[in-house]
Amino acid sequence: MDHVTSQPAVPEADRNAWTEPGVEELGGGLYRIPLPLPGDALRAVNVYAIGGDDGVYLVDGGMAIAGARDQFSAALAKIGYEFGDIRNFFVTHIHRDHYTLAVELRSEIRGEVMLGEGEQANLRAILDVSRREERGFAGRLHQLGADELAATIQERVAAERAQSGTRLPWAHPDRWLADGAVLDLRSRTLRTIATPGHTRGHVVFHDEGNAALFAGDHVLPHITPSIGFQPAVTRHALRDYLGSLRLMLTLPDSRLLPAHGPVGPSTHARVHELLAHHETRLAQTLGTAVGRPVTALEAARAIPWTRRQRKFGELDAMSQLLAVGETAAHLEVLVLRGQLTRHTSEAGVDLYAEPAAP
């Protein structure tokens, strides 16, 4: 689930100013183009355009929903390009708001759609129609002690599909990007860096020469990304995410170019905030298991959510889904640290408890 960590008070209107349609010029032939999303929690996703004499390169691709294509076309026109001028899409991860519009536009562009090779398991799960209802967090809710929530989510998904009548385009990328792959764009060089956690195959693109980091959802300025919300679930998504955050501190500090939120001056400063935030959440989560075993659902109900410190029951169903999954990820880190133990009941539900006294 996306939370807000400790931040100076910012008026809501200012917090959402980055979502307004248009183009923000960032210098050196670089532009930020926000494209619309269908929900209220995240209103837009940033696509970054890198212009040159040979065409325009895009970092991330937006979501294939009504209005996004036209808004994208209008934004490109403002900087002197059209879809036929697109050389390549470099996509940070497989989530629908980053990948599906790039897939939809593939036949109209001059280049390729590229995705981190770690996303292969997620794409296989997405394309496996026979397992569509059981994949991802929703398929794990029984294990997390949340059967009632699972039923609610299934009803919601079915209703949304019936209402929309359409399915998002999913397909293999033209090229899988390996960790360390170098992308030479003439005007700048990007290095692909694997940053698993938000998803298995999330990557960022580091432009060392221009001190910039195209961070996708790995480092966000106002919120923390959901952890491991993906079809091919792993127990250790938060461990991977924390390691990927620390990896950012080994790079020279760079301007932060996030997928959601305004551009920021320092990646390192935000990474330190995110690491501190997760240590706080780990302490809160550990406290839920004092004196009794808990399920992920029970732990999630016992801790506050969002910057408003809301109770779990005040969240909508999708936010509850993310909250339970993220709580499970924190519980798993506590198991890895030896602060909790996990055992699975005969009913197939994971229970977390303090280690037995020696």
Side-chain angles (χ1 to χ4, degrees), residues 45-50 54-64 83 86-132 135-136 167-186 188-208 212-219 225-234 236-237 239-241 243-245 247-248 251 257-259:
V45 58
N46 291 326
V47 173
Y48 292 94
I50 302 168
D54 61 334
V56 62
Y57 299 83
L58 285 307
V59 176
D60 280 327
M63 185 171 173
F83 289 146
I86 296 174
R87 297 289 305 201
N88 295 305
F89 279 101
F90 308 122
V91 182
T92 59
H93 62 294
I94 202 167
H95 281 161
R96 60 184 187 168
D97 55 326
H98 296 254
Y99 188 58
T100 55
L101 185 54
V103 171
E104 183 178 276
L105 292 172
R106 177 159 47 188
S107 64
E108 301 178 43
I109 71 174
R110 295 165 57 191
E112 299 178 318
V113 175
M114 306 183 193
L115 188 65
E117 64 182 7
E119 295 290 38
Q120 293 182 58
N122 278 323
L123 186 58
R124 283 196 299 270
I126 289 170
L127 296 176
D128 185 354
V129 177
S130 67
R131 297 184 59 246
R132 182 164 288 157
R135 68 172 187 250
R167 291 192 184 276
L168 292 170
W170 292 103
H172 287 275
D174 298 295
R175 177 180 166 192
W176 294 105
L177 292 173
D179 183 24
V182 174
L183 308 170
D184 187 355
L185 315 188
R186 296 191 183 181
R188 62 183 69 212
T189 299
L190 308 183
R191 181 163 66 94
T192 308
I193 302 175
T195 51
H198 180 57
T199 65
R200 288 172 178 252
H202 192 290
V203 297
V204 300
F205 300 104
H206 184 218
D207 179 359
E208 185 172 3
L213 184 78
F214 297 89
D217 283 6
H218 182 51
V219 183
S226 58
I227 302 300
F229 184 62
Q230 57 192 324
V233 175
T234 170
H236 297 145
R239 176 204 63 187
D240 296 342
Y241 179 66
S244 296
L245 281 179
L247 177 62
M248 298 299 95
L251 304 174
L257 306 174

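Everything quoted here is computed from the prediction, not taken from an experiment.
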*Walk me through it: do Leu58 and Ile86 pass the test side-chain contact (heavy atoms from CB on, under 4.5 Å)?*
CA-CA 7 Å; Leu58 285 307; Ile86 296 174; 3.6 Å; yes
Does [Y] offer a backbone N or O that forms a donor-acceptor pair with the side chain of [X] under 3.5 Å?
X: His98; Y: Gly62; result: no
X: Gln230; Y: Asn122; result: no
X: Asp97; Y: Met63; result: no
X: Arg87; Y: Leu185; result: no
X: Tyr48; Y: Pro258; result: yes
X: His202; Y: Gly216; result: no
X: Arg200; Y: Ala232; result: yes
X: Asp60; Y: Asn46; result: no

Grab the two heavy atoms, one from [X] and one from [Y], that are nearest each other, plus how far apart they are.
X: Val203; Y: Ala194; value: CG1-CA, 4.0 Å
X: Pro173; Y: Leu123; value: CD-CD2, 3.9 Å
X: Val47; Y: Gly61; value: CG2-C, 3.9 Å
X: Ile126; Y: Ile94; value: CD1-CD1, 3.9 Å
X: Ala212; Y: His206; value: O-CD2, 3.6 Å
X: Ala49; Y: Val56; value: CB-CG2, 3.8 Å

*Using salt bridge (charged side-chain N to carboxylate O under 4.0 Å, His left out) as the criterion, list what pairs up with Asp207, not counting sequence neighbours.*
Arg188
*Can you sort out the partners of Arg124 under salt bridge (charged side-chain N to carboxylate O under 4.0 Å, His left out), two or more places apart, ordered by chain and number?*
none
*Taking everything shown except Arg186 itself, do over 12 heavy atoms lie less than 6.0 Å from its CZ?*
no
*Please tell me if the side chains of His172 and Leu127 come closer than 4.5 Å, counting only heavy atoms from C-beta onward.*
yes
*Is there side-chain contact between Leu245 and Val219, with heavy atoms separated by less than 4.5 Å?*
yes
*With sequence neighbours excluded, give me every salt bridge (Lys or Arg N to Asp or Glu O under 4.0 Å) pair touching residues 168-178.*
Arg106-Asp174
*Picking from His198, His236, His218, what satisfies ring-ring contact (aromatic ring centres under 6.0 Å, His included) with Tyr241?*
His218
